[in-house]
Visitor: 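Sharing a structure below in structure tokens format, with a few things to ask.
All residue numbers refer to positions in the sequence shown, counting from 1.
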Amino acid sequence: MNLAAQFLFSRSMSNKSPKKASSDQEEYDPFWRSGEEGAQRSRQRPPVSPDSCRHNNGPMVNRCPAPQQRAINPERLKDFGEDEYLGKDVKTWEMTVTGLSQALLSNSPATAERRPCRASETGGGHVRFEDISAAAFKIQNGVQKTPCTYSRLSKQYGMDIYLKKEYLHYTGSVKERGVWYLLTSLSQEQQRKGVILAADSNFSMAVAHHATELHIPVFVIVSTNTLPGKVKTCRDYGAMVITYGSSDNDSRSHAKKLASENGYLYLQEEDSAPYLAGLGTMGLEVYEQVTKLDAVILPAGGECNLLAGAAAPIKHLNPGIAVIGVEPENYPTLQQALKVGHPPEDSAYTSHRFYAELANASFGSNAFQMTKKLIDKIVTVKEEDILQAILHLMEYERATVDATGAIGLAAVIAGKLPELKGKRVAIALCSGNLDVPLLCQCLDRALVLDNRLCKFSIQLSDCTGDVAKLLEILAREEARVLNVIHERSFVTSDIFSVKVTCVIEVRDRTQALQLQRTLSERYATITWLER
């Protein structure tokens, strides 16, 4: 605060009668006083310096040390860092947080200034609630807070659905949370040397972007089979992208070799404590944004790190909230791990264009043990359900998501969660990185599954006006013709017959059935192609 502001503050406070400080003010500002006493203390207070704000045995905090350190109340996290609390004459200093080491984010004994956390509160003690609270406070500097809004799909499925729109992050993925916190937890020496990784996943794009923003050299090694669009995206984010080898194993081996030779830190998506704590901030935000929450639906399978990290703060704050994981029926990675009692030993990378993030088992023992203790239910869904979820989210929410982002809603569409009828449910849309050609293919397939794209064939006599009469019937039934194929050479009935194949678009299944009945009454040779 400048001298003019201090003078005005002291004059205004001297005209008011002293009032007793509230408990919140006493807790978060030990120097708070009312009246002339407060103004006098403000004038006598020495200037704040980074050295005076650093504890002897802990990280730097944003105030001078109080007689007794208190844990941040999660309900008050939203009060920190809001611009509306800053006056125009207030000066701010940007300070570097130091002393945040791996030991503070692991299952180490708590210091005297930190409240010990029971193992049951964080699912085995691998990530404590205090770690996630600290990550939520620090992550505001580099990762935006995404909205969690009421969905128009609620009436259609008989429940209050709230969508946590994590696809709105800069790189389109929730993994930015864990990546940013992981990178800021590295030592300054390691940040100077740089990091290297070998994958073309959402994790790689998040590392490429945030490492560049933090001025950390980042190298991404990908195979020659990687899609050109993903290579371009990583380069646009600021990473040095190198194509090497014809397989993912070749690129990983080369990345590890370069890391050992040059001192880079080889990164891969593991369940380290800083990464899980960063991902857990999403669960903390959901709990703050949706009151009276009954259930949270999250992607599972290869996204077990997110499932475990987000479930930890939710179960800590309200154990009655159900946390449900959803994984594809083709890749039931987590269900298989729960049956055998340990995470998958084979962590081979799968380059599936649709299921890549869900099929890759990138979780370890920490995330697996937390999942066993915190998750209430795991369900699987078919590919058809995921495709329809992608279509519905685009139509009703204008949300473009991939399989990871749509799989939570797919469980609702498939009717796998009937116990949530009439409940208040939050669904995490965790990723929106879907290639444009694949997106078009998914939408066309979803329209067919939803009985809105239909295809049929009819054999007609090769006479003038027969095809025109067919088109008149389609126009009268308000069907939109997308494609017409008129074929003569491969018709086997007789030489004076032609085969007409039409692709049409209708409103819904009811209109499709009505059109099918109308055409069947007029043309006995009709063949309606089912999905």
Visitor: Mind checking ring pair (Phe, Tyr, Trp, His ring centres under 6.0 Å) for Tyr523 and listing every partner two or more places apart, or none if nothing turns up?
Guide: none
Visitor: Output yes when Asp376 and Lys315 qualify as a salt bridge under the 4.0 Å nitrogen-oxygen rule, no when they do not.
Guide: yes
Visitor: Going through the distances and angles, do Val326 and Leu298 end up as a side-chain contact (heavy atoms from CB on, under 4.5 Å)?
Guide: CA-CA 6 Å; Val326 188; Leu298 301 166; over 6 Å; no
Visitor: Donor-acceptor check, side chain of Asp294 to backbone of Val425, threshold 3.5 angstrom: yes or no?
Guide: no
Visitor: Using the ring-ring contact (aromatic ring centres under 6.0 Å, His included) rule, pick out the option among Trp180, Tyr181, Phe203 that qualifies with Tyr275.
Guide: Phe203
Visitor: I'd like a table of donor-acceptor pairs (distance under 3.5 Å, sequence neighbours excluded) in which one partner is a side-chain atom from residues 401-411, with atom names and distances.
Guide:
| from | atom 1 | to | atom 2 | distance (Å) |
| --- | --- | --- | --- | --- |
| Asp402 | OD1 | Thr404 | N | 3.2 |
| Asp402 | OD1 | Gly405 | N | 3.1 |
| Asp402 | OD1 | Ser431 | OG | 3.4 |
| Asp402 | OD2 | Ser431 | OG | 2.6 |
| Asp402 | OD2 | Asn433 | N | 3.4 |

Visitor: Out of Asn483, Leu470, Leu519, which residue meets the side-chain contact (heavy atoms from CB on, under 4.5 Å) rule with Cys502?
Guide: Leu470
Visitor: Using the salt bridge (charged side-chain N to carboxylate O under 4.0 Å, His left out) rule, take Asp160 and Lys292 through it: C-alpha gap first, then chi angles, then the decisive distance, then the call.
Guide: CA-CA 11 Å; Asp160 291 335; Lys292 299 180 180 179; over 6 Å; no
Visitor: Quick one: side chain to side chain donor-acceptor pair (under 3.5 Å) partners of Asp250, sequence neighbours excluded?
Guide: Ser247
Visitor: Near Arg452 CZ, under 6.0 Å, is it more than 12 heavy atoms from other residues, nucleotides or ligands?
Guide: yes
Visitor: Quick one, Ile196 with Val218, criterion side-chain contact (heavy atoms from CB on, under 4.5 Å). Give me CA distance, side-chain angles, the key distance, then yes/no.
Guide: CA-CA 6 Å; Ile196 189 171; Val218 54; over 6 Å; no
Visitor: Nearest heavy-atom pair of Leu284 and Pro313: which atoms, and what distance?
Guide: N-CG, 3.7 Å
Visitor: Checking side-chain polar atoms at under 3.5 Å, does Thr149 have a donor or acceptor matched by the opposite partner on Lys165?
Guide: yes
Visitor: Taking atom CD as the centre, does Glu395 end up with more than 12 heavy-atom neighbours from other residues, nucleotides or ligands that are less than 6.0 angstrom away?
Guide: yes
Visitor: Ignoring hydrogens and angles, write down the donor-acceptor pairs under 3.5 Å from the side chains of residues 167-174, residues two or more places apart or on other chains.
Guide:
| from | atom 1 | to | atom 2 | distance (Å) |
| --- | --- | --- | --- | --- |
| His169 | NE2 | Glu166 | OE1 | 2.8 |
| Thr171 | OG1 | Glu176 | OE2 | 2.6 |
| Ser173 | OG | Lys175 | N | 3.1 |

Visitor: Checking Phe354 against Tyr331 for the ring-ring contact (aromatic ring centres under 6.0 Å, His included) test, could you report, in this order, the C-alpha distance in whole Å, the side-chain angles of both residues, the deciding distance, and whether it holds?
Guide: CA-CA 12 Å; Phe354 190 65; Tyr331 297 93; over 10 Å; no
Visitor: Can you list the residues that meet the side chain to side chain contact (heavy atoms under 4.5 Å, CB included) rule with Glu384, with sequence neighbours excluded?
Guide: Lys382, Leu449
Visitor: In chain order, what residues pass the ring pair (Phe, Tyr, Trp, His ring centres under 6.0 Å) check against Tyr157, with sequence neighbours excluded?
Guide: none
Visitor: Going by the rule salt bridge (Lys or Arg N to Asp or Glu O under 4.0 Å), which residues pair with Asp466 if we only count those two or more places apart in sequence or in a different chain?
Guide: none
Visitor: Establish, from distance only, whether the side-chain atoms of Thr224 and Thr243 form a donor-acceptor pair under 3.5 Å.
Guide: no
Visitor: Using 4.0 Å as the upper bound for N to carboxylate O, is an ion pair formed by Lys416 and Glu327?
Guide: no
Visitor: Keeping to residues at least two apart or across chains, list the ring pair (Phe, Tyr, Trp, His ring centres under 6.0 Å) pairs with something in residues 434-476.
Guide: Phe456-Trp528
Visitor: State whether Lys164 and Glu285 are salt-bridged, where the test is any N-O pair (Lys NZ or Arg NE/NH1/NH2 against Asp/Glu carboxylate O) under 4.0 Å.
Guide: yes
Visitor: Please report the shortest heavy-atom distance between Pro299 and Leu306, naming the atom on each side.
Guide: CG-CD2, 4.0 Å
Visitor: Please examine the side chains of Val412 and Leu420, heavy atoms only from C-beta on, and report whether any two atoms are closer than 4.5 Å.
Guide: no
Visitor: Restricting to side chain to side chain donor-acceptor pair (under 3.5 Å), what partner residues turn up for Arg235, sequence neighbours left out?
Guide: none
Visitor: Which residues pass the side chain to side chain donor-acceptor pair (under 3.5 Å) test with Glu477, not counting sequence neighbours?
Guide: none
Visitor: Within a 6.0 Å radius of atom NZ on Lys377, are there more than 12 heavy atoms belonging to other residues, nucleotides or ligands?
Guide: yes
Visitor: For Ile314 and Gly283, which heavy atoms make the closest approach, and how far apart are they?
Guide: CG1-O, 3.6 Å
Visitor: Can you list everything that forms a side chain to side chain donor-acceptor pair (under 3.5 Å) with Lys232? Sequence neighbours excluded, please.
Guide: Asp236
Visitor: For residues 479-490, which residue pairs pass the salt bridge (Lys or Arg N to Asp or Glu O under 4.0 Å) check, not counting sequence neighbours?
Guide: Asp462-Arg488, Arg480-Glu505
